[in-house]
Amino acid sequence: MEAEPVQFLWRRYEERLEPSRATVARFVGAQPQDLVFVTNATAGVNAVVRSLKLRRGDELLTTNHDYNACHNVLVETALRVGARLVVATIPFPLGSADEAVAAVLNAVTPRTRLALIDHVTSPTALVLPAARLVRELAARGVDTLIDGAHAPGMVPLELEKLGAAYYTANLHKWVCAPKGAAFLWARRDKQSAVHPAIISHGNNTSRPGYSAFQDRFDWAGTFDPSAWFCAGAAIDWMGKRLPGGWADVYRRNRELATQARRLLCDRLGVVAPCPEEMLGAMATLPLPEPFQELPKTGKIDAEQSRLYDEFGIEAPFMRFGQPARRYFRVSAQLYNSPAEYAYLAAVIPRVITNGSSSKSS
Ligand SMILES: Cc1ncc(COP(=O)(O)O)c(C=O)c1O
């Protein structure tokens, strides 16, 4: 890029972008013309929500498991236009996916214009029944924006079949593409009204063979598009790690996360907060009782910091629910092994009581 920026960023741009877009589209069950790259899921949510033509009194629906950054997009948009933000409360712990569906559908009113549904919830690591929710919401006249930030590479996707109005997701999480690789898919009838968060050349510069949707999104001002160019290669590379390809990756990581949760529940004496059928490659568990009383200490809880600083494990700790309970989340990617979760189970109690500075293996 630096050796010949005009070649890389302009003359030969599409030549590198298109093969990557085609691979990503195939991977998520979409047509390339319906899919554009964005730098992250936050940008995808911003583009969709801030493009909506809302009227005062319209309602935007989300859940209490949504991702704070995307929640803020809804808050800001609702404030700007005088819309109402409705937050459906999905219980946690929960006994079945039905409880999630019921919570969302009970919050729909005739004023609901858009539902933001997380495919895999960030704080609670639930794989929500996206297809069922899209279908039920559509039957009530509500468009769905799926925030699939964690989904590609964790669960198989068939976006065209899913038929949501919009789907945005990261490729820089479970596909292991470089940071800045994400996409937005929009159903064809929705594309003309969706504008990127950054307006650039594409609004009045069309290219033969490209949709106006693609023209608008394919250039977001000068930046390093390497992550977009590499996304397809990352998909191909990850798909060759196991003999059964991506199907094996989904299965292997899901089994490891499930096994890890069983082990952690058993060793820490905590109860699993959702059925195993709702797990993907992550699991959220309650922290043991002695953690529950400890105060919040800053941007990152002291115990989470100690888990990394003293034991070399990165796992998010969070507070969730009313009244808030403390949880932690584990992930299972190809480079993780069962022994790591056994080690985590052994050291978690020590991040409260351990004052030693000696770093374990
Ligand atoms: C559900 C969900 N949505 C959105 C995001 C935001 O992703 P990004 O920071 O890449 O935009 C995340 C990140 O973890 C997430 O889990």
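All residue numbers in this chain count up from 1 along the given sequence. All ligand and atom numbering here is 1-based and tracks the order in the structure.
When ring centroids are compared, F92 and Y327 come within the 6.0 Å threshold. Ring centroid separation for the pair F320 and H65 comes in under the 6.0 Å cut-off.
Side-chain contact of Y210 with E18: a donor-acceptor pair under 3.5 Å is present, judged by distance alone.
Distances shorter than 4.0 angstrom occur between a heavy atom of H172 and an atom of ligand 1. In this structure, A69 falls outside the shell of residues with a heavy atom less than 4.0 angstrom from ligand 1.
Ligand 1 has no nitrogen or oxygen under 3.5 angstrom from a nitrogen or oxygen of D118.
Protein heavy atom at the shortest distance from atom 9 (O) of ligand 1 is T42 OG1, 3.7 Å. For atom 16 (O) of ligand 1, the closest non-hydrogen atom of the protein is H150 CD2, 3.1 Å. The protein heavy-atom contact nearest to atom 3 (N) of ligand 1 is D147 OD2, 2.5 Å. The nearest heavy-atom contact from the protein to atom 14 (O) of ligand 1 is K173 NZ, 2.7 Å. Here the protein heavy atom with the shortest distance to atom 6 (C) of ligand 1 is Y67 CE2, 3.3 Å. Scanning the protein for heavy atoms near atom 7 (O) of ligand 1, the closest one is N170 ND2, 3.2 Å.
Near S122, with a cut-off below 4.0 Å to any heavy atom, the atoms of ligand 1 are 16 (O). Atoms of ligand 1 lying under 4.0 Å from any heavy atom of N40, numbered from 1 in the order shown and given with element: 8 (P), 10 (O), 11 (O). Within the listing of ligand 1, atoms 1 (C), 2 (C), 3 (N), 4 (C), 5 (C), 12 (C), 15 (C) sit less than 4.0 angstrom from a heavy atom of A149.
How far OG of S200 is from CG of D218: 11.0 Å, rounded to the nearest 0.5 Å. Between the CG atom of L137 and the CZ atom of R140 there is a distance of 7.0 Å, given to the nearest 0.5 Å.
In this structure, R350 does not pair ionically with E303, as no charged nitrogen and carboxylate oxygen lie closer than 4.0 Å. Ionic pairing of R319 and D301 is present here: one or more N-O contacts between side-chain nitrogen and carboxylate oxygen are shorter than 4.0 angstrom. Using a 4.0 Å cut-off between charged nitrogen and carboxylate oxygen, R12 and E15 count as a salt-bridge pair.
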K190 and D143: CA distance, side-chain angles, deciding distance, salt bridge (charged side-chain N to carboxylate O under 4.0 Å, His left out) verdict = CA-CA 10 Å; K190 297 292 175 188; D143 281 344; 2.7 Å; yes
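Within the 4.0 Å heavy-atom criterion, the part of C70 lying near ligand 1 is the side chain and not the backbone.
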